[in-house]
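Below, all heavy atoms of this structure are taken into account, side chains as well, without hydrogens, waters or symmetry copies. Computed from a predicted model, the values in this text were never measured in an experiment.
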Amino acid sequence: MVPDDREKIEEKVCLAVPYRIISKHGIKAVADVFGIRKEIDIRILDDVNVNDYVLVHAGFAIQKLDQEAAKTTLDLLREISEEQI
């Protein structure tokens, strides 16, 4: 991939990242990915519980994931991150 192609892709890609729910309070939850915790909005999803994995985009949980799917995605993100270093 040449740099010009990467710039074009980066402008068009939206990325949702798997987070594990740490705590839940109403329509908000604290979620963790790679040790980074953030408050997210879970109002779109039904039945989100502590230790569930959810895809987070723009601060909103948009889909539940099983643990295996979350691990696969996180392993790929970790691999991409290590290639960038």
Side-chain angles (χ1 to χ4, degrees):
M1 178 184 311
V2 297
D4 288 341
D5 290 339
R6 179 174 287 181
E7 289 174 15
K8 291 175 186 173
I9 291 171
E10 288 175 352
E11 292 174 6
K12 298 176 182 175
V13 173
C14 293
L15 185 63
V17 177
Y19 279 74
R20 185 172 61 88
I21 301 295
I22 301 298
S23 64
K24 178 181 161 186
H25 42 97
I27 62 169
K28 300 288 184 178
V30 175
D32 177 279
V33 64
F34 301 133
I36 299 169
R37 292 183 178 189
K38 70 184 283 185
E39 185 174 76
I40 62 171
D41 192 308
I42 58 173
R43 77 180 74 189
I44 295 173
L45 301 177
D46 293 328
D47 196 29
V48 174
N49 297 302
V50 171
N51 289 324
D52 283 347
Y53 282 89
V54 294
L55 282 178
V56 176
H57 176 70
F60 287 86
I62 59 173
Q63 181 180 340
K64 286 180 71 173
L65 292 174
D66 64 37
Q67 187 173 1
E68 185 175 333
K71 182 182 180 317
T72 299
T73 303
L74 290 170
D75 287 347
L76 288 171
L77 290 173
R78 190 175 292 114
E79 184 178 317
I80 291 168
S81 173
E82 290 172 359
E83 287 177 7
Q84 297 296 318
I85 295 174

Handout entry: Atom pair CZ (R78) and NZ (K71), whose distance is rounded to the nearest 0.5 Å
Key = 7.5 Å

Problem - Hphob cluster co-occupancy, V17 + F34, side-chain heavy atoms under 4.5 angstrom - result: yes

Practice task
Group every Ile, Leu, Val, Met, Phe, Trp and Tyr by side-chain heavy-atom contacts under 4.5 Å, then state whether V54 and V30 land in the same group.
Solution key: no

Problem - Separation of L65 CG from Y19 OH (nearest 0.5 Å) - result: 13.0 Å

Handout entry: Donor-acceptor pair, side chain of T72 and main chain of E68, under 3.5 angstrom
Key = yes

Completion exercise
Output for pair (L45 CG, F60 CZ), nearest 0.5 Å, gives 11.0 Å

Practice task
Flag yes if I44 and I27 sit in one hydrophobic cluster, no otherwise; membership is Ile, Leu, Val, Met, Phe, Trp, Tyr, and two members link when side-chain heavy atoms are under 4.5 Å apart.
Solution key: no

Problem - CG on D52 to CD on Q67, rounded to 0.5 Å - result: 10.5 Å

Practice task
Quick one: closest heavy-atom pair of L77 and P18, and the distance?
Solution key: CD1-CD, 4.2 Å

Exercise for the section: Give a yes or no on whether I36 and I42 share a hydrophobic cluster (residues Ile, Leu, Val, Met, Phe, Trp, Tyr; joining criterion: side-chain heavy atoms under 4.5 Å apart). Expected result: no

Problem - D41/K28 salt bridge by N-O under 4.0 Å criterion - result: yes

Problem - Residue from I40, I62, L15 passing side chain to side chain contact (heavy atoms under 4.5 Å, CB included) with H57 - result: I62

